[in-house]
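Worksheet for the structure shown next.
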Amino acid sequence: VGHVDFDFIVMKQTHRGLFNKGTLYNLGVNVAVRRGCDYVALHDIDHVPMDHRNNYSWPDRPIHLCTNSSDVGWESFAGGAVLMQVKHFALINGFSNLYHGWGAEDADLYERVGKILGQFQRSDPNIGHYMPMKHETREQSQMTKDGQNSHELNLKTVQRMRASKSRAVIHIDGYMQMRSHVQVINISEALNVVTVTADILLHGAIQAECPF
């Protein structure tokens, strides 16, 4: 009675540098592994499951839960909410660390699973219904410091991933290379909620603070 067999791990990035969800997920899984977790729900905080039949229990293979959302395409993406064993996460070398700004890291994840483990299992769209919470998106948050659109750069990166027949790109960029891309600033814990604040590094260095 009273036993808690799961943790909520909340990842927060400082205002230094563009948002990098992939690296934050890599760090979050590392924290989960250190806490003894054997599988993870990789979950966007702004997506709320709407069907009580949605099942977050042990996955035999990677499952894309969020298959019905106006904010996430799912045919060749794996965004919103994904269940995965940590051993499978390690096999695909987690998320790429190269996607700065918004978009395409979930398409890269889809490709990694397909190349290493086979196709994602998909929830029935009638069950995998999620409500995306509205929030402001600032155009300047997409621009790199040299004036390039990060989303366009991300799309080019994932196109190269899709075109590649080799697994080499997966093994040289991802979960195992995370430490050169992130620096933990603070970890706090209250009951079974762990909050991790981190800096995303660029070329191994702390970035300037974004003005937005």
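Below, all heavy atoms of this structure are taken into account, side chains as well, without hydrogens, waters or symmetry copies.
Residues Met161 and Thr157 are not in side-chain contact: their nearest non-hydrogen atoms beyond the backbone lie 4.5 Å or more apart. Thr195 is listed as a side-chain neighbour of Lys12, based on a closest heavy-atom distance under 4.5 Å. Side-chain contact check for Lys115 versus Ile92: every heavy-atom pair is 4.5 Å or farther apart. Within the 4.5 Å cutoff, the side chain of Leu27 has heavy atoms near those of the Met11 side chain. Side-chain contact check for Asn68 versus Tyr130: every heavy-atom pair is 4.5 Å or farther apart. Looking at His100 and Ile200, their side chains come closer than 4.5 Å, going by heavy atoms from C-beta outward. Contact annotation: the side chain of Leu42 approaches that of Val40 to within less than 4.5 Å [non-hydrogen atoms, C-beta and beyond]. Residues Met133 and Val48 form a side-chain contact, since some pair of their non-hydrogen atoms from C-beta on lies under 4.5 Å apart.
With hydrogens and angles ignored, the 3.5 Å screen pairs a side-chain donor or acceptor of His151 with a backbone N or O of Trp102. Under a 3.5 Å cut-off, the side chain of Asn154 and the backbone N or O of Gly103 do form a donor-acceptor pair. For His88 (side chain) and Ala90 (main-chain N/O), no donor-acceptor pair under 3.5 Å exists by modelled atom type. Checking side-chain atoms of Asn192 against main-chain N and O of Asp7 turns up no donor-acceptor pair under 3.5 Å. For Gln148 (side chain) and Leu153 (main-chain N/O), no donor-acceptor pair under 3.5 Å exists by modelled atom type.
Hydrophobic clustering of Ile, Leu, Val, Met, Phe, Trp and Tyr side chains at less than 4.5 Å, counting indirect connections, keeps Leu98 apart from Phe89. There is no path of hydrophobic side-chain contacts, each under 4.5 Å, that joins Leu18 to Val158. Both Met176 and Val33 are part of a single hydrophobic cluster, where members link through side-chain heavy atoms under 4.5 Å apart.
Gln119 meets the side-chain hydrogen bond (donor to acceptor under 3.5 Å, both in side chains) test with Tyr110; sequence neighbours excluded. Contacts of Asn93 classified as side-chain hydrogen bond (donor to acceptor under 3.5 Å, both in side chains), with partners at least two apart in sequence or in another chain: Gln177. Qualifying side-chain contact (heavy atoms from CB on, under 4.5 Å) partners for Ile63, counting only residues two or more places apart in sequence or in other chains: Pro59, Leu65, Leu83, Gln121, Ser123. Taking the ring-ring contact (aromatic ring centres under 6.0 Å, His included) definition, one finds that Tyr99 meets it with nothing, sequence neighbours left out. Residues that satisfy the salt bridge (Lys or Arg N to Asp or Glu O under 4.0 Å) test with Asp51, not counting sequence neighbours, are Arg53. Residues passing the side-chain hydrogen bond (donor to acceptor under 3.5 Å, both in side chains) test with Glu111, sequence neighbours excluded: Arg162. Partners of Lys21 by salt bridge (Lys or Arg N to Asp or Glu O under 4.0 Å), not counting sequence neighbours, listed by chain and number: Asp44, Glu105. Listed by chain and residue number, Asp173 satisfy the side-chain hydrogen bond (donor to acceptor under 3.5 Å, both in side chains) test with Ser96 (two or more places apart in sequence, or in another chain).
Sorted pairs that involve residues 148-160 and meet salt bridge (Lys or Arg N to Asp or Glu O under 4.0 Å), not counting sequence neighbours, are lacking altogether. Legend: ring pair (Phe, Tyr, Trp, His ring centres under 6.0 Å) pairs involving residues 152-171, not counting sequence neighbours: none detected. Pairs of residues two or more places apart, or lying in two chains, never qualify as salt bridge (Lys or Arg N to Asp or Glu O under 4.0 Å) while including a residue from residues 123-133. Contacts classified as side chain to side chain donor-acceptor pair (under 3.5 Å) and involving residues 181-191 (residues at least two apart or in different chains) are given here: Arg35-Glu189.
Among Val10, Val182, Val31, the one residue that satisfies the side chain to side chain contact (heavy atoms under 4.5 Å, CB included) test with Val196 is Val31.
Nearest heavy atom pair, residue Asn55 against residue Ser57, reads OD1-OG, 2.6 Å. The shortest heavy-atom contact between Ile187 and Val184 is CG1-CG1, 3.8 Å.
Expressed to the nearest 0.5 Å, how far CG of Leu202 lies from CZ of Arg16 amounts to 14.0 Å. With rounding to the nearest 0.5 angstrom, the OG1 atom of Thr14 is 8.0 Å from the CD1 atom of Ile206. With values rounded to the nearest 0.5 angstrom, Met84 atom CE is found 7.5 Å from Leu117 atom CG. For the atom pair CD1 of Ile127 and NE2 of His52, the computed distance is 9.0 Å after rounding to the nearest 0.5 Å. Atom CZ in Arg167 sits 15.0 Å away from atom CD1 in Ile172 (nearest 0.5 Å).
Taking the six-membered ring where the residue is Trp, the centroids of Trp58 and Tyr39 are separated by under 6.0 Å.
Ring geometry, Phe95 versus Tyr25: the interplanar angle falls under 30°, so the pair is classed parallel (tilted spans 30 to 60°). Between Tyr56 and His43, the angle of the ring planes stays under 30°, which puts this pair in the parallel group of the 30/60° scheme.
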side-chain contact (heavy atoms from CB on, under 4.5 Å) between Phe19 and Leu24, intermediate numbers included: CA-CA 9 Å; Phe19 183 60; Leu24 291 176; 3.4 Å; yes
Full working for side chain to side chain donor-acceptor pair (under 3.5 Å) between His47 and Ser69: CA-CA 8 Å; His47 275 70; Ser69 167; 3.1 Å; yes
